[in-house]
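A short worksheet on the structure shown next.
Letters go in sequence order (proteins before strands), and every chain restarts at 1.
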There are 2 protein chains.
Amino acid sequence: MTSGEPTHLPTLEEVARVAGVSRATVSRAINGGSRVSPQAQAAVDRAVAQLGYTPNRAARSLVTRRTDSVALLVPETGARFVSDPFLTGVLQGVTTALAGTELQLVLLVAQHAGDTARQLRYLRSGHVDGALVTSHHGNDELALEMSRLGLPFVFGGRPFDPDSVAVPYVDADNVNGGRLAAEHLIGTGRRRLATVAGPADMSAAVDRLDGWRRALEEAGLHADAVEHGDFTIDGGTAAMERLLRHHPDVDGVFVASDPMASAALQVLRNFGRRVPDDVAVVGFDDTMLATTTTPPLTTVRQPAEEHGERMVEMLLEQLAGSPPRLGGEILPVELIVRESA
Amino acid sequence: MTSGEPTHLPTLEEVARVAGVSRATVSRAINGGSRVSPQAQAAVDRAVAQLGYTPNRAARSLVTRRTDSVALLVPETGARFVSDPFLTGVLQGVTTALAGTELQLVLLVAQHAGDTARQLRYLRSGHVDGALVTSHHGNDELALEMSRLGLPFVFGGRPFDPDSVAVPYVDADNVNGGRLAAEHLIGTGRRRLATVAGPADMSAAVDRLDGWRRALEEAGLHADAVEHGDFTIDGGTAAMERLLRHHPDVDGVFVASDPMASAALQVLRNFGRRVPDDVAVVGFDDTMLATTTTPPLTTVRQPAEEHGERMVEMLLEQLAGSPPRLGGEILPVELIVRESA
DNA sequence: TTGAAAGCGATACCAA
DNA sequence: TTGGTATCGCTTTCAA
């Protein structure tokens with residue numbers, strides 16, 4: 001019964017017959033209804049309802065050259081994507097913002113490094129009207145490729161070298177985030193400061209580290225205690241262990257993502273350090289994770305959902321015909337004080 | 001430059017011209033290449049590469065009546081979806097399994113309760129070849145509607161009343177999960193047992209509770225200490241507080257999801273109970289969360305990714321023409337012992 | 001305001 | 001093995 005036999009779908013043609021008008025009229029009626037008489041409109045509406053008609057998207061796309069769908073491109077491997085609460089927050093913002101439109105979301109998640117070629121081919125083939133690109137690494141290869149595509153798109157996170165690669169993007173104020181973390185730790189009397197930064201090839205990580213360093217230097221403190229992690233829990237564990245080995249006297253640490261910060265808390269406990277008494281910890285993200293740790297994380301909040309929503313809005317502008325605004329929109333961050341620092 | 005002006009995409013027609021063959025031949029060549037001479041195939045391959053040709057999906061869909069895409073339907077509101085690590089795990093499994101195919105994933109996330117009508121309309125309109133349905137509540141309305149659709153589909157989680165609504169589904173062995181939790185607590189000497197169960201209108205919650213109760217009764221223990229939460233952190237907090245109020249002497253509790261279990265740990269700490277010394281806690285899921293809590297959670301592991309992968313496989317079978325196997329595929333669960341119990 | 005008709009870019013049948 | 005051609009369902013001129 002529930003087999004692949006799709007019960008026949010009504011076509012425009014049939015609606016026209018039932019409504020007693022032409023196909024052209026039906027088409028106008030279901031698309032905004034400009035230049036159709038009230039009675040024709042009514043007849044069409046009735047026929048549509050009666051038949052349960054919905055336009056065939058493929059047929060429509062073929063002529064309008066629009067697909068009414070956009071892609072969310074995730075260059076990260078799937079594992080990274082779903083396990084990062086910030087990224088899932090962005091996803092939620094995207095779906096929310098898209099809900100108000102006719103646009104469908106096609107999810108393009110890389111499976112292995114180097115999958116980008118396949119993703120780009122998909123985008124190039126006119127399957128979607130635009131693309132949202134999240135969480136990209138390193139060199140700005142992808143940004144360049146996207147620019148060449150001639151397809152509307154928005155980046156989540158600034159490109160690595162925004163001067164040489166101008167693309168529309170949304171980003172959090174990561175520099176200020178790093179600074180806020182530093183100032184909080186300094187302000188609460190910590191002096192042996194260190195940080196678990198993100199990957200050196202991600203702009204978000206670079207910016208957070210940058211803000212952190214500047215604030216430390218302004219306060220006359222050393223800013224050379226730095227270990228890098230990959231933003232994941234496992235990466236955070238390894239980085240925090242290195243940090244404690246190299247700087248056993250640390251009394252305050254800024255960990256550049258909540259997953260890494262939750263790992264840092266575990267490591268500190270394993271090493272017999274009390275948080276925040278012996279070592280204060282400030283995270284970054286303020287996702288669900290921040291409240292489930294012990295102690296709950298003091299962390300820099302970046303608005304993940306708003307991030308996703310803004311990306312969609314910027315894409316919609318382009319789809320509406322506006323030229324892409326090259327350059328970024330920076331979302332504010334704020335420090336959320338809980339118990340870890 | 002990156003404007004909405006899609007640089008002209010080559011068509012079959014042009015490939016044919018460049019290759020010096022007919023459109024029909026090109027079509028055969030790019031689709032499996034049966035009944036095309038080696039030289040024709042070679043000429044086409046060359047032309048395709050030279051022009052950077054990719055078939056227009058809309059045009060193809062129009063005639064093949066396939067869309068080469070499937071929907072992941074999430075009746076939950078977006079918030080629930082992205083904040084539930086189990087669901088994101090399923091998502092990952094789905095994208096992984098789909099990566100090996102030509103199928104694209106369209107994400108259909110409900111925005112508000114009652115959004116299902118819109119989602120169903122979308123499915124009904126032939127926009128996708130099949131659907132995966134996750135995390136559904138209550139009465140089996142949706143299952144019935146899906147059956148009526150005549151579209152291949154697979155449920156994640158059994159329908160509420162599988163006898164009256166026969167649909168293909170993948171599910172975890174929730175009953176056994178509840179039993180494992182109970183047996184572990186009993187086996188470690190706990191006697192005042194209670195549970196924070198999931199929503200009474202979700203089959204997964206009902207099954208976990210069922211297994212739990214049966215094991216307790218077999219052991220001659222009372223199984224009446226039950227509070228319900230909605231599987232979220234906030235729901236877990238409220239339910240755990242009620243539980244402690246009504247059963248202050250509890251020494252072992254099974255919390256039916258990791259998010260709720262992490263909340264339960266916080267509540268217990270706030271009430272001055274030590275875990276596991278005073279109260280042992282067993283969770284359910286074994287997601288990332290289970291390792292970030294203090295103490296790390298002893299929890300029943302259900303294979304989220306495999307769940308998603310199996311759903312895709314069952315859908316692929318249907319798309320390949322097999323009749324849908326009505327009834328479920330049950331995935332085994334196992335107890336992961338950490339420190340909370 | 002309406003309808004006739006010309007495509008959009010592919011597939012698939014049929015005859016060669 | 002090939003190529004010509006009808007066709008999928010819709011939008012969009014262009015005349016009426």
Checklist entry - Does a nitrogen or oxygen in the side chain of A/R28 sit under 4.0 Å from OP1 or OP2 of C/dG3? => result no
Next on the checklist: Below the 4.0 Å mark, does C/dT11 have OP1 or OP2 next to a side-chain nitrogen or oxygen of B/N31?
Outcome noted: yes
Next on the checklist: Does D/dC10 have OP1 or OP2 under 4.0 Å away from a side-chain N or O of A/T64?
Outcome noted: no
Next on the checklist: Need one value for A/R23: base, sugar-phosphate or nothing, where a base atom within 4.0 Å counts as base even if backbone is also close, heavy atoms only.
Outcome noted: base
Item to check | Nucleotide nearest A/R60 when distance is taken to its side chain, options D/dG4, C/dA10, D/dC10 | outcome: D/dC10
Item to check | Spacing of A/E14 atom CD relative to D/dG9 atom C1', expressed in whole Å | outcome: 11 Å
Checklist entry - Nearest heavy-atom pair of A/M311 and A/L132: which atoms, and what distance? => result O-CD2, 3.7 Å
Next on the checklist: Heavy atoms from C-beta onward define the side chain here; which of C/dT2, C/dC8, C/dG3 lies closest to that of A/L62?
Outcome noted: C/dC8
Next on the checklist: What is the distance, to the nearest angstrom, from the CD atom on A/Q39 to the C1' atom on C/dT1?
Outcome noted: 10 Å
Checklist outcome for this item: note: B/L51, atom CG; C/dG9, atom P; distance rounded to Å ~ 14 Å
Checklist entry - So A/Y122 and A/H127, would you call those rings parallel, tilted or perpendicular, with 30° and 60° as cut-offs? => result tilted
Checklist outcome for this item: By nearest-nucleotide position on DNA chain D, the 5'-leaning member of B/R35 and A/E13 is B/R35
Checklist outcome for this item: Side-chain atoms of A/L12 come closest, of D/dC8, D/dT1, D/dT11, to D/dT11
Checklist entry - Base, sugar-phosphate alone, or nothing: which one does B/A40 contact when heavy atoms must sit under 4.0 Å apart? => result sugar-phosphate
Next on the checklist: If you compare all heavy atoms of A/M146 against all heavy atoms of A/L120, which two are closest, and at what distance to 0.1 Å?
Outcome noted: SD-CD2, 3.9 Å
Next on the checklist: Students often get this wrong, so: under 4.0 angstrom with heavy atoms, is A/S27 touching a base, only sugar-phosphate, or nothing?
Outcome noted: base
Next on the checklist: Measuring from the side chain of A/T11 (C-beta onward, heavy atoms only), which nucleotide among D/dC10, D/dT12, D/dG4 has the closest atom?
Outcome noted: D/dC10
Next on the checklist: With a 3.5 Å cut-off and heavy atoms only, can you find an N or O donor on one side and an acceptor on the other between the side chain of B/R57 and the base of C/dG9?
Outcome noted: no
Checklist entry - Of the nucleotides C/dA4, D/dT11, D/dG9, which one has an atom closest to the side chain of A/N56? => result D/dG9
Next on the checklist: Would you compute the distance between atom CG of A/L151 and atom CZ of A/R124 and round it to the nearest 0.5 angstrom?
Outcome noted: 10.5 Å
Item to check | A/V63, nearest nucleotide to its side chain (from D/dT12, C/dT11, D/dG3) | outcome: D/dT12
Checklist entry - Can you tell me if A/T95 uses its side chain to pair, donor with acceptor, with the backbone of B/V109 under 3.5 Å? => result no
